[in-house]
**Q** 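Pasting a structure below so you can have a look.
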Amino acid sequence: MDFIRAIVKDDLAAGRNEGRVHTRFPPEPNGYLHIGHSKAILLNYGIAQEFGGKFNLRFDDTNPEKEETEYVESIKADLRWLGADWEDREFFASDYFDQLYAWAVHLITAGKAFVCSQSLEDVRAYRGTVTEPGRPSPDRERPAEESLRLFEGMKNGEFDEGQYTLRAKIDMAHSNMKMRDPLLYRIRKVHHHRTGDQWCIYPFYDFAHGQSDAIEGITHSICTLEFEVNRPLYDWFIENLPVPHKPRQIEFARLNLTYTVMSKRKLLKLVQEGHVSGWDDPRMPTISGLRRLGYTPSSIRNFNERIGIAKRSSTVDLDLLKWALREELNQTADRVMAVLRPLKVVITNYPEGQVEQIECVNNPEDPASGTREVPFSREIWIEQDDFREEAPRKFFRLKPGAEVRLKHAYFITCDAVVKDPDTGEVVELRCSYDPETRGGDSPDGRKVKGTLHWVSADHAVDAEVRLYDNLFREPFPDQGGNYLDNLNPNSLEVLTGCKLEPGLGGVEPGYRCQFMRQGYFFADPQDSQPGRPVFNRTVTLKDSWAKLEAGGKTG
RNA sequence: UGGGGCGUCGUCAAGUGGUAAGACACAAGGUUUUGGUCCUUGCAUUCGCGGGUUCGAAUCCUGCCGCCCCAACCA
């Protein structure tokens, strides 16, 4: 059990919050959700579930300049996909603008807030530094009546942007910078995605967040580490306002992942500069990107269970995310045969025009998945990588004179290599098969080390296959300068003319399977259609042969 | 630098005074009609470093070191 659940459990045992548990996920609708957000979502939703509590969705929409309805919709879709259910409790900080305004008035009346006329520059200069105390604004002792009048003027649009702000009167010498008379409201004459032009003053995060929690009866306001310094201010508002409930803020370490970036600002730049096709590009660490790549919600939940919750900043190995996906798909995905880079094989002793139906196991990990029939004929496609004219000792695939097994079908032996007379490129293999080995076993007990996947040439379905790899080539893209310099130039390779076993021709978008010996693939939800399949490679299979080769240990 | 937070295996992470869980990664074997899966084994005499308290310390005290956050009219 992590430290936050321990706190919740303890609160329950002590009878705090009337025995309630109520959490929330408070995204700002200024970008798409990413895998890092899934940690916060699953934590908050998970705690509500486990302790019989409730979970709210609340959009933190206090900055109209960056927020859009498109983001609101994408966030809701992603939350649903992850399985987080906020029932009918969908809120917006902007729902509380009236109450927040009233509370601001309350603070002014109590002499705890004032309207300040300092310029942006002066506010900054007077704030002091981390080692020096700040100085009070000349307006700090403005009479409450006057502040009240000015604040109303601000609300009514009588002033220009930047002319006035509302500030709390706390302590300009406080060692915590957040407590040096923080800004509560600013004038912004911009259209808000929900309140339209109703308001021209908008509350800041600090003045909106805790109070929104209080209004909703949130018991545990869980957020990330960088808000730790905001907590004294969070508590100050709760203590100095007549709020209906006192929530408690608890911070945990946000998720970082190797080979990617997680800040919305950086992701937005990737989108805007066209380094990716959009927020849902399969290479993006966004929820929508992972979904389109082929990830499952359960694998993301499983991943989150394994990384834990703690307070130390950390970066999780991307391999763990990939592992969580493989672990699930190994159990659930049907195995099919697809040749990505085709090489023609003619089985010279196989009768011309003959076609046999070969029975294939759908998933050896799941007997209930049954079998299917795949046509076999004289000409087939195999993977170019599965043939080497000059092969190292440990290369168990096809080479001149060698015998291998075609999965579920026959043993074949390579008799001759046909090359393009001009380029020397291998264009076709002439092989012979052993009719006694149908099904893949030899009656004389003869063993072969290699088993290849294949597709009958006459029956193959053509497809486009997109091979995705890490977006960045460095585990820490931010290290040493600009992350854009560390973009992986080979993050996407598009293959056309791939040869699929015929059953794959009519597959629906969103279909998931294992291309045997290659990886898990997903029929692209947007570009694939029955009759014209387009597959995304979600994740490769572990490849110990590639590892041997890379290590020079192929004999 | 003032304040806040954190330092346990390559990466995450349990552990809260009784003598270092687990997962991923990695390595070596075995099984295998996917060089996949699966199985076996190995992988921190040590918990940032140094002192101290104690029969006993990753856990308590103390000094130091390192990393992260805060000086947006962002969240």
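Note that these values count all heavy atoms, side chains included, but never hydrogens, waters or copies made by symmetry. In what follows, every chain begins at residue 1, and chains take the letters A, B, ... in the order their sequences are listed.
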**Q** Step through it carefully: locate the ring centre of A:Phe59, locate the ring centre of A:Tyr71, and say whether they are under 6.0 Å apart.
**A** no
**Q** Among B:U8, B:A23, B:C24, find the nucleotide with the atom closest to the side chain of A:Arg306.
**A** B:A23
**Q** Pick base, sugar-phosphate or nothing for A:Lys311, based on heavy-atom distances below 4.0 Å to the nucleic acid.
**A** sugar-phosphate
**Q** Where the side chain of A:Gln249 meets the backbone of A:His220, is there a donor-acceptor pair that is under 3.5 Å apart?
**A** no
**Q** Taking any heavy-atom pair under 4.0 Å as a contact, classify A:Glu132: base, sugar-phosphate, or nothing.
**A** nothing
**Q** For the C1' atoms, the ones on B:A44 and on B:U11, what distance do you get once it is rounded to whole angstrom?
**A** 14 Å
**Q** How close or far is atom P of B:G35 from atom NZ of A:Lys553, stated in whole angstroms?
**A** 19 Å
**Q** So, is A:Ser314 near the phosphate of B:A13, with a side-chain N or O under 4.0 Å from OP1 or OP2?
**A** yes
**Q** Using the side-chain contact (heavy atoms from CB on, under 4.5 Å) criterion, which residues pair with A:Pro64? Sequence neighbours excluded.
**A** A:Val190, A:His192, A:Tyr202
**Q** If pairing requires Watson-Crick or G-U wobble contacts with both distances under 3.5 Å, which nucleotide is the partner of B:C47?
**A** none
**Q** Taking O4'-C1'-N9-C4 for purines and O4'-C1'-N1-C2 for pyrimidines, is B:A72 syn (within 90° of 0) or anti?
**A** syn
**Q** Using the C1' atom as the point on both nucleotides, what is the distance between B:C26 and B:G15, in whole Å?
**A** 25 Å
**Q** Check the distance between B:A75's C1' and A:Asp60's CG and give it to me in whole angstrom.
**A** 7 Å
**Q** Can you see if the side chain of A:Arg517 gets near the phosphate of B:G35 - specifically, an N or O under 4.0 Å from OP1 or OP2?
**A** yes
**Q** Once side-chain contact (heavy atoms from CB on, under 4.5 Å) is applied, do any residues pair with A:Ser299, and if so which ones, sequence neighbours excluded?
**A** A:Tyr295, A:Thr296, A:Leu325, A:Glu328
**Q** So what's B:A57 paired with, Watson-Crick or G-U wobble, going by both distances under 3.5 Å?
**A** none
**Q** Using the P atom in both, what is the distance from B:U46 to B:A57, to the nearest Å?
**A** 14 Å
**Q** C1' atom, B:U59 versus B:G7: distance in rounded Å?
**A** 14 Å
**Q** Taking CD from A:Glu305 and P from B:G22, how many angstroms apart are they, rounded to a whole number?
**A** 19 Å
**Q** Evaluate A:Leu43 against A:Ile4 for side chain to side chain contact (heavy atoms under 4.5 Å, CB included), listing each step before the verdict.
**A** CA-CA 9 Å; A:Leu43 209 215; A:Ile4 297 181; 3.9 Å; yes
**Q** Please determine if A:Lys311 forms a cation-pi arrangement with A:Phe252, meaning its NZ or CZ atom is less than 6.0 Å from the six-membered ring centre and no more than 45° off the ring axis.
**A** no
**Q** With a non-hydrogen cut-off below 4.0 angstrom, is A:Asp441 in contact with a base, only sugar-phosphate, or nothing?
**A** base
**Q** Say we look at B:U16 and B:A75: how far apart would their P atoms be, to the nearest angstrom?
**A** 41 Å
**Q** Between B:G10 and B:C49, how far apart are the two P atoms, rounded to whole Å?
**A** 13 Å
**Q** Give the rounded distance in Å between these two atoms: CD1 of A:Ile307 and P of B:C12.
**A** 11 Å
**Q** Rounded to whole angstroms, how far apart are CD on A:Glu28 and P on B:A75?
**A** 6 Å
**Q** Under 3.5 Å, is there a donor on one side chain and an acceptor on the other for A:Gln518 and A:Arg537?
**A** no
**Q** Which nucleotide wins on minimum distance to the side chain of A:Phe395, given the candidates B:A14, B:G36, B:G35?
**A** B:G35
**Q** Does the ring of A:Tyr205 lie flat against the base of B:A75, closer than 5.5 Å centre to centre with planes under 30°?
**A** no
**Q** Out of A:Arg140, A:Arg127, A:Lys169, which residue meets the side chain to side chain donor-acceptor pair (under 3.5 Å) rule with A:Asp181?
**A** A:Arg140
**Q** Could you check how far CD1 of A:Ile309 sits from P of B:C12, rounded to whole Å?
**A** 14 Å
**Q** Roughly how many Å apart are B:A20 and B:C47, using the P atom of each and rounding to a whole number?
**A** 12 Å
**Q** Is any side-chain nitrogen or oxygen of A:Lys542 closer than 4.0 Å to OP1 or OP2 of B:U37?
**A** yes
**Q** Grab the CG-P distance between A:Asp2 and B:A23 for me, whole Å please.
**A** 19 Å
**Q** Any side-chain to backbone donor/acceptor pair from A:Thr286 onto A:Trp279? Under 3.5 Å, distance only.
**A** yes
**Q** Measure distances between side-chain N and O atoms of A:Gln518 and base N and O atoms of B:U34, and say whether any donor-acceptor pair falls under 3.5 Å.
**A** no
**Q** Between protein and nucleotides 68-73 of chain B, map the contacts as a letter string: B base, S sugar-phosphate only, - none, heavy atoms under 4.0 Å, written 5' to 3'.
**A** -SBBSB
**Q** Under 3.5 Å, is there any donor-acceptor pair linking the side chain of A:Arg397 to the base of B:G35?
**A** yes
**Q** Within the structure shown, what part of the strands sits under 4.0 Å from A:Glu365 by heavy-atom distance: base, sugar-phosphate, or nothing?
**A** base
**Q** I want to verify a distance call: between B:A23, B:G36, B:G35, whose nearest atom is closest to the A:Leu320 side chain?
**A** B:A23
**Q** For A:Phe207, which of A:Tyr185, A:Tyr96, A:Tyr234, A:Trp236 qualifies under ring pair (Phe, Tyr, Trp, His ring centres under 6.0 Å)?
**A** A:Tyr185
**Q** Going by ring pair (Phe, Tyr, Trp, His ring centres under 6.0 Å), name the residues that satisfy it together with A:Tyr483, two or more places apart in sequence or in a different chain.
**A** none
**Q** Should B:A27 form a Watson-Crick or G-U wobble pair with both distances under 3.5 Å, which nucleotide is its partner?
**A** B:U41
**Q** By nearest atom, which of the nucleotides B:G35, B:C74, B:A23 is closest to the A:Phe396 side chain?
**A** B:G35
**Q** Can you work out whether A:Arg326 or A:Thr437 has the more 5'-proximal nearest nucleotide on RNA chain B?
**A** A:Arg326
**Q** Answer with yes or no whether A:Arg335 presents, from its side chain, a donor or acceptor under 3.5 Å of a partner atom in the base of B:U37.
**A** no
**Q** With rounding to the closest Å, how many angstrom separate the P atoms on B:A23 and B:G42?
**A** 13 Å
**Q** For RNA chain B, find the residues of residues 356-364 of chain A with a heavy-atom distance under 4.0 Å and give them by number; none if there aren't any.
**A** A:Pro364
**Q** Could you tell me how far apart A:Trp236 (CH2) and B:G3 (P) are, to the nearest whole angstrom?
**A** 23 Å
**Q** Which residues pass the salt bridge (Lys or Arg N to Asp or Glu O under 4.0 Å) test with A:Arg194, not counting sequence neighbours?
**A** A:Asp95
**Q** Measure from the side chain of A:Lys547, starting at C-beta and using heavy atoms only, and say which of B:C24, B:U34, B:A27 lies closest.
**A** B:A27
**Q** Using only side-chain N and O atoms of A:Arg312, determine if any of them is under 4.0 Å from OP1 or OP2 of B:C67.
**A** no
**Q** Is it true that atom CD of A:Gln357 has more than 12 heavy atoms of other residues, nucleotides or ligands lying nearer than 6.0 Å?
**A** yes
